[in-house]
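Structure record follows, encoded as C-alpha cells.
All values reported here derive from a predicted model rather than from experimental measurement.
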Amino acid sequence: MSVISLNSYSLGRWMPPSGERQGLKSAVSGQVVAEIGSAALDFAGMADYARRVGGPALRKMTFHDRAFALKALAQYLNERREALYELSYETGATKPDSMIDIDGGIGTLFVYSSKARRELPDDRILTDGALEQLSRSGQFVGQHVATPLQGVAVHINAFNFPVWGMLEKLAPTLIAGVPAIVKPASATAWVAEACFRMIVESGLLPEGAVQFIAGSTGDLLDRLSGQDVVSFTGSAATAAMLKGKSAVIEKSVRFIAEQDSLNASILGPDAAPGTPEFEAFIKEVHREMTAKAGQKCTAIRRVIVPQESRAAVIDALVARLERTVIGNPRDETVRMGALASLAQRSDVLEKASILGTEAKRIYGDPENFRVEGADAGEGAFVPPMLFSCEDPDAAQAVHAVEAFGPVSTVMAYRDLPHALALANRGEGSLVASVFTHDPAVARQAVLDAGAFHGRLYFANRDTGKDATGHGSPLPHMVHGGPGRAGGGEEMGGMRGVMHYMQRTAIQGSPDIIAGITQRYVAGASTFEAEPHPFRLAFGELAPGRTLWTAERTVTLEDIEHFATFTGDTFYAHMDEEAAAANPFFPGRVAHGYLILSFAAGLFVEPAPGPVLANYGLDNLRFMKPVSPGDSLKVRLTVKQKSRRNDEYGEVRWDVGVYNGEGEQVAAYELLTMNAM
C-alpha cells in the first residue's frame, strides 16, 4: 500500500502536514504506512471556530435532532467498515480485534442515538429531577435543568482503539450539543483519520461540529476556558502533565481522564476446577491476554485465585496459551497479532522485566517464540507472558506496574477478604471481575471492593453467552475508575452526556418554570378548549391544554362487581369490619385499579382519531381512599411531548383524579402515542 499522508481538518477544510514528518510503521512488517507531521494549525482559531460556528449550530438542534443525526452517521459508517478493517490490519489487529474497535465504535453511536430518543426530551433544555416546592402556597418553585456548555470538547485518544476511542467520546458530546476537536494517538492515526474522513464526507453533522488534529495539539489547551472540556485516554504521566496546564487549573476546565489500570479477575471460592465458573474464568483470562495483543485498558493484569486452585489455573491457562497462534493478523489461523508499534514492544518488554523481579515467568519467552506469516524481528510481536507471584502481599510491582500487552500475573489468596484486598491493591481500576455462582460472594465484593473499581463484572453459568465479557465497556454503563484509573467517567448512557452540560437551578413561579422547560408543572396555568384533546394530532397539542371530565359516583355494587370480575377480593374492599380496623381506611373502599378504570372511562374519547396507543403510566400514587358513595372526576393535562419519528410522537399527560370535595385521590402520568 502507498504511504498515507495524514491531514488535519481545521476550520472546515483539510490541512496537509507541514515541516518535519514522522513515518508511522506497520506493526506487522515494520514498513512505513503513513506520515504524520504537525500542520500549521491555528489552534486559537480552531477553538474559536468550534465555539462560534459548531456550537450554535448544534444548540439549535434538539436532543432528538442530534440523536437522529448520530443514527444516520452510524449507518453511514457501518456501510464502509471493510475499508477500515483493511487499514486496521497494519496496527497489528486481527479481524476480531478490529471488530471490537470498529463495530464497537459504530455500535456505540447506535446505542446513544436510541437512548437519547427514549430518555431525553425533544427539546434543547433537559430537566433534571423533580420539581421542588419552595413555598407553602406552591407559587415559588425550583427545578434543576441542564444546557450544553458553550465551549469546545478536546478529545485526546489512545492508540489501541483508534475508532472506538474516537466514537465513544463523540457520541455523548454531540448528543449534549457541544462541538469537538479530536486528536488521535499518532501510532495508529491512519485508521482514525480514515474514519474521520467518512464522518466529514457524510455531511450529516453541522459545520464546525467536529475538527481533527493529526499531530501535536500545540498550544490548544492553553486556549481553553471554563466552558470547555478535555477528555483524555492514555498514560497517567501524560494525564498529569495535561491536567497540570495552567489554563486547565486556573479556568476550571473540566478534565476527564481514563488512564493506567491494574485490572483484576477473581476466581470465586466456590468456583473449583470442574465447575462452569472455572472453565469460564480460564477462557476469559486467556481472551483478555490475547485480544488486541493485551492492549486493552480493561485487560486482566492480575489473576487472583484460591490457593488450592492455583496449580489447576496455571495448567489450564498454559494449555490455552500453547495453542495460541501468533502472527500476521491477515492470516485467518492467527489468534493474536502484534503490538501497535516497536516502541510499544520495547515498553512492554521493559515492564515485563520489572514484573520479573517479583514474579516468575511461567510461560512466554520473548527471545524464543514462533510468528506465522511475518518476521518477529521486523514487526512488533511479543508472545503472551504469564507470571506467577508467590507472595502477593509483600510484592509491590505486580500491583503498580502495567505492562500494556499480553502480560498477566497469577497470585493466590487465602479467603475472600484477602482476594478483595489484593484486588484493591491496584489503587483504582477500570474493572474487576468475579467468577462466582454465590450471590453472597458477589455482595461482599461490592461492599469491600466497589469503591476501588469503576465496574464490577460478575460471570457464572447463568450469564453464559449473554455476557459481553470482563474487558468490554458498554455505552449503557460508565467506563472509568477511581485513583490510578484516572478518576474520570466516560459513556454511562445519559450520565456521559451530562459531562458536557451545565446543571443550573432555576427558581420562579410555576408558569415561569413551565415556560422555560416546555412542560406542565403543578400550579402552572392550564387552558381548556374544544375539541376533546384526543381529537388533536401531536402537533396541535400544547403543554397545559386540559380537559375536566364530568363526575361519576362509585357505588358498593361497583366495588363488589370489580372484585368478582377481577378476583381481587382483598379484605379492604370486601370486609367492612376488617377494613375499618385498618388505620388507613374508614371502612370498605374502592380498588385503586377500579379508580383508574373509572378515570379512563371518564376522559377517553372512543372514536378513532390521532391517539394510536396508550402504552403505559408512570408515577402512580393513591393519595386518599374512595368510599362507596364518593364521586370522581378527572383532570387530564398535556404535560410534555416528545417526537419519535415523522409519523408519531409520545404525549405525556398529567392525570389528577379528585373526589366530590375537590380532594385529589390519585395522580399519575399517562403515556400515549399520537399521530403527527
Side-chain angles (χ1 to χ4, degrees), residues 1 3-8 17 20-39 84-94 97-98 100-102 104-105 155-169 182-197 212-218 231-239 241-242 258-260 291-299 328-330 336-351 374 376-382 402-407:
M1 60 186 290
V3 175
I4 304 167
S5 179
L6 301 184
N7 293 351
S8 297
E20 186 177 349
R21 302 188 185 191
Q22 173 191 356
L24 304 179
K25 295 182 178 181
S26 165
V28 180
S29 67
Q31 296 179 347
V32 173
V33 296
E35 288 184 339
I36 192 169
S38 295
L84 298 177
Y85 293 152
E86 186 61 31
L87 292 171
S88 183
Y89 285 127
E90 299 300 336
T91 71
T94 64
D97 292 339
S98 298
I100 295 171
D101 181 31
I102 297 163
H155 295 167
I156 302 173
N157 300 326
F159 67 83
N160 53 335
F161 288 105
V163 175
W164 178 84
M166 176 169 63
L167 299 183
E168 63 97 9
K169 285 184 170 70
V182 176
K183 190 269 186 253
S186 295
T188 55
W190 64 86
V191 184
E193 194 234 36
C195 182
F196 193 90
R197 280 188 178 274
F212 185 88
I213 299 173
S216 168
T217 55
S231 182
F232 169 80
T233 301
S235 71
T238 304
M241 181 271 291
L242 296 175
E258 189 264 279
Q259 57 192 48
D260 302 355
K292 290 287 290 186
Q295 298 169 114
K296 294 170 65 179
C297 55
T298 52
N328 189 325
R330 285 187 170 85
M336 191 181 96
L339 297 174
S341 66
L342 295 175
Q344 182 62 16
R345 182 179 68 178
S346 296
D347 183 72
V348 168
L349 293 177
E350 177 187 346
K351 299 295 175 55
E378 295 295 328
F381 294 96
V382 296
E402 181 182 21
F404 200 72
V407 182

How many angstroms lie between [atom1] in [X] and [atom2] in [Y], if you round to the nearest 0.5 Å?
X      : Y      : atom1 : atom2 : value
Gln295 : Phe159 : CD    : CZ    : 5.0 Å
Ile156 : Ile213 : CD1   : CD1   : 8.0 Å
Phe381 : Leu339 : CZ    : CG    : 9.0 Å
Leu342 : Asp347 : CG    : CG    : 12.5 Å
Ile36  : Trp190 : CD1   : CH2   : 10.0 Å
Leu87  : Thr188 : CG    : OG1   : 11.0 Å

Exercise for the section: Determine whether more than 12 heavy atoms belonging to other residues, nucleotides or ligands lie under 6.0 Å from atom NZ of Lys25. Expected result: no
Problem - Verdict with supporting geometry, Ser346 and Leu349, side chain to side chain contact (heavy atoms under 4.5 Å, CB included) - result: CA-CA 5 Å; Ser346 296; Leu349 293 177; 6.0 Å; no
Answer yes or no: is there a donor N or O on one side and an acceptor on the other, between the side chain of [X] and the main chain of [Y], under 3.5 Å?
X      : Y      : value
Arg345 : Ala27  : no
Thr94  : Met336 : no
Glu193 : Asn7   : yes

Practice task
Give the C-alpha distance, both sets of side-chain angles, the deciding distance and a yes or no for side-chain hydrogen bond (donor to acceptor under 3.5 Å, both in side chains) between Asn157 and Lys169.
Solution key: CA-CA 9 Å; Asn157 300 326; Lys169 285 184 170 70; 3.2 Å; yes
Least distance between heavy atoms, [X] atom then [Y] atom:
X      : Y      : result
Leu84  : Ala194 : CD2-CB, 3.8 Å
Ala338 : Ala293 : O-CB, 3.8 Å
Ser5   : Arg21  : OG-NH1, 3.5 Å

Problem - Pair Tyr85-Ile102, side chain to side chain contact (heavy atoms under 4.5 Å, CB included): steps then yes or no - result: CA-CA 8 Å; Tyr85 293 152; Ile102 297 163; 3.5 Å; yes
I want to check something: taking the side chain as every heavy atom from C-beta on, are [X] and [Y] in contact at a cut-off of under 4.5 Å?
X      : Y      : value
Tyr89  : Val28  : no
Pro17  : Glu35  : no
Pro184 : Phe212 : yes
Asp101 : Ser98  : no

Practice task
Test the Lys351-Phe404 pair against the cation-pi criterion, namely NZ or CZ under 6.0 angstrom from the six-membered ring centroid and within 45° of the ring axis.
Solution key: no
Exercise for the section: Begin with the C-alpha distance, continue with both residues' side-chain angles, and end with the deciding distance and a verdict on side chain to side chain contact (heavy atoms under 4.5 Å, CB included) for Leu6 and Leu24. Expected result: CA-CA 10 Å; Leu6 301 184; Leu24 304 179; 3.8 Å; yes
Practice task
Can you sort out the partners of Gln259 under side-chain contact (heavy atoms from CB on, under 4.5 Å), two or more places apart, ordered by chain and number?
Solution key: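 Counting only residues at least two positions away or on another chain, Gln259 forms a side-chain contact (heavy atoms from CB on, under 4.5 Å) with Ala236, Ala239, Ala257.
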Practice task
Would you please name every residue forming a ring-ring contact (aromatic ring centres under 6.0 Å, His included) with Phe232, sequence neighbours left out?
Solution key: none
